[in-house]
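Worth saying up front: this structure is predicted, and the values here are computed from it rather than measured. Sequence positions, counted from 1, serve as the residue numbers for this chain. Atom set for the values below is all heavy atoms of this structure, side chains included, hydrogens, waters and symmetry mates excluded.
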Amino acid sequence: MSLTKRVLVLLGLVDAVLIIMYLMDYYILFLKPTGHVLPILLNIIVLAVIGFRSRFHKGWTIAFLTVSIPALLIHSVMVWLMDNQYATIESPENKSVTIEHRSFTLGETTYLYEFYKTSFGFIGKRLDDQTIKLIIQGKNHPTGLGAEDALGMDTAEWITDDTVRFSTWQGIKELSLNPSKSSGRAEDFTADIESFMTKLESKESGETININGNQLVAHYDEATDQPWIEITADNDEGAIPRQQCTRIVRDEERGYYMLEECTHRWEYRLYPLNDR
């Protein structure tokens, strides 16, 4: 096989891999800021060099460059106008998420965030149906508030190995790195929590639920006539430290079920309300 054929085969394999990854929502993260500019540029250079070195009429190569170079320039301008920015957050367990964000203002400022679960440090899997969109009216937009501040990126909390909680400008938002595992569970957890609250109010002991790595057990103290909740976790790896709390309440404003009157602090966010 000649050198030219080897180069063409290699280029075809690279293109095929990138296309398959794109169709499966996988991306090489260091290429994301430039869109498809680098792969297109690589194809143009390789094909142009081969064209000028081959025996074919040079007019075909010139025609190819006449079409491809303007197309590359148009794509480059589109990437530049989108002005996507990127940041990465890491968990204590060495998992990471790359965040693609952009904003635009027209009377109000809109922030858009796309999330990519990182593998091997440079490959990202786009998390479907996990996009976060924040809209802040101009009169309510604080001076100096940026996209990372609006999302609360610096205070992101890994409540489990696969769940990240953001304290955004518009309330709590959660990101699941494995949405297929959690899909369809929101209503089930909501029903479990509501049932647990009902039995706790009825002063029934023994009811148990498991939320985000924590086990909650309902107890009733006859001496004080008070119900209480025991919070535990395997190997103390739950989202909430081992302790006792008095009750669970629905906080509509925050959009969360809240544990209140707990041992270590007054309250904890337990789980999002189903209608958040």
Side-chain angles (χ1 to χ4, degrees), residues 91-93 95 97 113 115 117 127-134 151-152 155-276:
S91 77
E93 303 300 326
K95 291 188 176 182
V97 174
Y113 305 88
F115 300 90
K117 181 180 177 180
L127 298 173
D128 293 330
D129 301 324
Q130 298 284 304
T131 301
I132 292 179
K133 181 178 181 180
L134 303 176
L151 183 64
T155 58
E157 178 185 4
W158 292 79
I159 60 175
T160 70
D161 286 346
D162 295 317
T163 307
V164 188
R165 178 179 291 164
F166 295 98
S167 299
T168 76
W169 185 254
Q170 294 182 336
I172 299 297
K173 305 286 185 182
E174 286 191 355
L175 171 73
S176 174
L177 273 61
N178 289 301
S180 60
K181 292 183 179 180
S182 58
S183 61
R185 285 296 300 159
E187 293 185 2
D188 294 339
F189 278 133
T190 299
D192 291 343
I193 294 172
E194 292 287 349
S195 175
F196 185 89
M197 293 169 62
T198 299
K199 293 187 177 182
L200 192 68
E201 293 173 357
S202 301
K203 301 177 182 179
E204 297 183 23
S205 294
E207 180 71 9
T208 301
I209 57 173
N210 293 280
I211 306 290
N212 289 336
N214 284 111
Q215 183 180 77
L216 282 65
V217 182
H219 294 276
Y220 171 64
D221 188 342
E222 294 184 358
T224 60
D225 191 31
Q226 291 293 327
W228 57 281
I229 304 168
E230 179 184 7
I231 315 291
T232 59
D234 292 337
N235 301 320
D236 291 328
E237 294 180 353
I240 300 172
R242 181 189 299 268
Q243 59 191 298
Q244 297 178 5
C245 297
T246 300
R247 59 183 173 269
I248 300 174
V249 299
R250 290 174 58 94
D251 192 322
E252 301 289 347
E253 182 176 349
R254 298 186 190 180
Y256 263 79
Y257 288 99
M258 304 292 295
L259 284 164
E260 289 190 344
E261 290 191 44
C262 300
T263 305
H264 300 312
R265 70 187 196 201
W266 173 258
E267 62 184 7
Y268 290 88
R269 298 185 183 98
L270 177 61
Y271 198 77
L273 297 175
N274 191 38
D275 55 356
R276 63 198 169 104

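A donor-acceptor distance shorter than 3.5 angstrom exists from the side chain of Gln130 to the backbone of Ser176, with no hydrogens or angles considered. Within the 3.5 Å criterion, the main-chain N or O of Thr198 finds a donor-acceptor partner in the side chain of Ser202. No donor-acceptor distance shorter than 3.5 angstrom exists from the side chain of His219 to the backbone of Gln226, with no hydrogens or angles considered.
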Discussion item. Glu222 vs Lys203, test: salt bridge (Lys or Arg N to Asp or Glu O under 4.0 Å). Steps then yes/no.
Written reply: CA-CA 9 Å; Glu222 294 184 358; Lys203 301 177 182 179; over 6 Å; no
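Between Asn214 and Thr232 the shortest side-chain heavy-atom distance does not fall below 4.5 Å. At least one side-chain heavy atom of Leu273 sits under 4.5 Å from a side-chain heavy atom of Tyr257. Here the side chains of Ile231 and Thr263 are not in contact, with every heavy-atom distance at 4.5 Å or above. Residues Leu134 and Lys173 have side chains in contact (heavy-atom distance under 4.5 Å, counting atoms from C-beta outward). With a 4.5 Å cut-off on side-chain heavy atoms, Phe115 and Leu177 do not count as touching. Tyr220 is listed as a side-chain neighbour of Asp225, based on a closest heavy-atom distance under 4.5 Å. Inter-residue side-chain proximity for Glu207 and Ser195 is flagged as met; some heavy-atom pair is nearer than 4.5 Å.
Each of Thr246, Ile248, Ile209 was checked for a side chain to side chain contact (heavy atoms under 4.5 Å, CB included) with Ile229, and the lone residue meeting it is Ile248.
Leu270 and Tyr256 get closest at one heavy-atom pair: N-CD2, 4.2 Å. Closest heavy-atom contact between Phe166 and Gly152: CD2-O, 4.1 Å. Considering every non-hydrogen atom in both Pro227 and Leu200, the closest pair reads CB-O, 3.5 Å.
A salt bridge links Asp162 with Lys95; the closest basic N to acidic carboxylate O contact falls under 4.0 Å. We find that Arg250 and Glu194 are joined by a salt bridge, their nearest charged nitrogen and carboxylate oxygen being less than 4.0 Å apart.
A distance of 12.0 Å separates CE of Met197 from CG of Leu216, quoted to the nearest 0.5 Å. Rounding to the nearest 0.5 angstrom, the gap separating the CD atom in Gln244 from the CD atom in Glu261 is 12.5 Å. To the nearest 0.5 Å, atoms OG (Ser205) and NZ (Lys199) are separated by 12.0 Å. Between the CD1 atom in Ile132 and the CG atom in Leu151 there is a gap of 5.5 Å [rounded to 0.5 Å].
Within 6.0 Å of the CG atom in Asp129, the count of heavy atoms belonging to other residues, nucleotides or ligands does not exceed 12.
Annotation: salt bridge (Lys or Arg N to Asp or Glu O under 4.0 Å) contacts of Arg165 (sequence neighbours excluded): Glu174.
Checking Gln243 against Tyr268 by side-chain atom types alone, a donor-acceptor pair falls below 3.5 Å.
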